[in-house]
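Here's the structure we're looking at; comments come further down.
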Amino acid sequence: MHSSDIRSRFLAFFAKRGHVIIQSASLVTADEKGITNPTLFNTAGMQPLIPYLLGKAHPQGTRLVDSQKCVRTVDIDDVGDRTHATFFEMLGNWSLGDYFKKEAILWSYEFLTSEEGLGLNPNQLYVTVFEGDKNASKDEEVANIWKNIFTKNNIEVGGDTTKGDKGRIFYLPAKNNWWEAGDNGPCGPDSEMFYDFGNAFKGTLLTHTDFVNADDTRVVLEVWNDVFMQYEKKDGKIIRTLPKPSVDTGAGLERLAMTLQGVDNIYDTDLLKSAMDKIKELSKNWELISARIVADHIKASVFLIADGVIPSNTDRGYVLRKLIRRAVRHSDKLGMQGDIAEVVDLIQQQYASVYTNVADAQNKLRIQSVIQEEEYKFRITLAHGLKEFAKLATKDISGHDAFALFSSYGFPLELTVELSKERSIKVDITAFEVEFKKHQDLSRVGAEQKFKGGLADMQDPMVIRYHTATHLLHQALHDVLGDGVGQKGSNITAERLRFDFSWGTKMTDEQKKKVEDIVNEKIAQALPVNQVIMKKDEAEKTGARHFFGEKYGEDISIYFIGNDINSAYSKEFCGGPHVKNTSELAGPEGMPGHAGKWKFKIQKEEASSHGVRRIKAVLV
Ligand code: SER
């Protein structure tokens, strides 16, 4: 059965039973803090419905059904095994204070086993029930409902599995059979359905231990979860019983597809198979796990960008960045360099009719270019870092070297660790952290004071460029306006630099032009950027710019631009990071049509506060 068939059968089955079909909500959760936003993305079908599960009236009624897009990254390291993905679809039927346990369970059973539904063999079905704890008692009501349904359908139920008997119904603790999305919100006991998809047990009854072992090794697979929302939690404690209990069910589409398509992993289902085939076609060095990571991460990225997320260094944008960059790394391992776009395109086509925003007029090209641009940015980081890494990787990587990779090449620690693993060498992570801490102390002034509001991301090649450009701008302002200029603040993102400095009047066009010309000249001169660390009194003697009245430690890091510190064009007390050479500000080599062509440009010059001017500038 094709996945689109599973999806539409599910919606139709519940529509026929009085449920209104609702559209999937965006992957991006509402921005309000608290219970409506326990996570950055919808990680379960119930999340967009939390307010309604707590009692708010839903405009479309009390019985709803949907297929909700979800992104879950807590298991990102497991992606590539048989069942984990960061993007998945959750089918769910919802009772908002309407029907409860009896109907929910009956319909789950019917949908799974009837011809109108999926037609699965009920003898291969096993179910779990909440065993009870201090919050709620053992759910014998649910166990009895299951017992009756099985018996009515002539399916053997067996004895009491808590007493060691063989059976079909198993009691498990809250860890397994209690659902909540974080410490706040609706919650309650649940009942889960497992399917012996490979028919390993031939429909026989199992002991509690047999079942638990089978679940652990995924011989039987959880296909559906019926949650009985009866309570509300606040800060991890139950604060009330809900006046109108609700039902939240969740059936993972990928897993259902796996079950119905007779394959032992989600990547062989039609939901991911075409992407996997495409990757295989494009790969020179086929490697299954990497291929799965590429397929999953690119798919998740397409959906996230469609829902408005863009790569950045915080929150949602950071998750997206990580997904794209991991996909790029693994695509390189596969030797499919430069071909990610084809996978993007395929996923867009595949989902265009189900989730239209992945390929509509507004998003089709936008999604492709966001991914391409991020890939491109990452490649610059990679190219520099990989070269350096290869030099270092003849032995275990010391904390000092891991830190050098990070600070000078923007190489994230996790990448160093991953690459080292591949070569069976070790990274001294503890020593890295010590270095990192030392560096932070060293650069406290350089960063904290100067970058009020933050230096966006020390690892982003564009941010590093703008950081060096800021030093050039600072000196150029001194050249043009004189030494009355003093730095008041700086804020850098991957898109621009912003520099605040003391100066009383608006700059003339001519002054601005002069500043731009100087900076561009320094870029064209391809000056080296160097770092030295020296004792404070020595450092002060170099005449490097620093903040008066600021407390510095004993060891000072200075960055200077030029061949030696005495004749350097610019020198500042600063923790970095910076580019190695000002030529890098002219754009990366190897980017068609861009190599060395970027120019420094002042976009805006305006008053920031009394006696302080603010410049925004870009490299374009
Ligand atoms: N919230 C439950 C789950 O995600 C059921 O939808 O498993």
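Atom set for the values below is all heavy atoms of this structure, side chains included, hydrogens, waters and symmetry mates excluded. Every number for a ligand or one of its atoms is a count from 1 in the order of the listing.
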Centroid separation under 6.0 Å, is that true for the rings of Tyr99 and His19? yes
Measure from the ring center of Phe130 to the ring center of Phe228 and say whether it is less than 6.0 Å. no
Is the shortest side-chain heavy-atom distance between Asn176 and Glu131 below 4.5 Å? no
Within the 4.5 Å heavy-atom criterion, are Lys377 and Arg325 side-chain neighbours or not? yes
Near Val227 (heavy-atom distance under 4.0 Å), the atoms of ligand 1 are 2 (C), 5 (C)
Counting each atom of ligand 1 from 1 as listed, which ones have a heavy atom of Ala44 under 4.0 Å away? 4 (O)
Donor-acceptor pair between Trp94 and Ser246 side chains, under 3.5 angstrom: no
Can we say Arg255 and Glu192 salt-bridge, meaning some charged N sits less than 4.0 Å from an Asp/Glu carboxylate O? no
Got a salt bridge between Glu418 and Lys333, using NZ or NE/NH1/NH2 to carboxylate O under 4.0 Å? no
So is there a nitrogen or oxygen of [X] less than 3.5 Å from a nitrogen or oxygen in ligand 1?
X: Gly250; result: yes
X: Trp179; result: yes
X: Glu222; result: no

of all protein heavy atoms, closest to atom 5 (C) of ligand 1 is Asp248 OD1, 3.1 Å
Nearest protein heavy atom with distance in Å, relative to atom 7 (O) of ligand 1: Asn225 ND2, 3.2 Å
Under 4.0 Å, heavy-atom basis, I'd like to know which part of Thr249 is in contact with ligand 1: side chain, backbone, both or neither. backbone
From Met90, Met46, Glu192, Gln68 - option closest to atom 4 (O) of ligand 1 by heavy atom: Met90
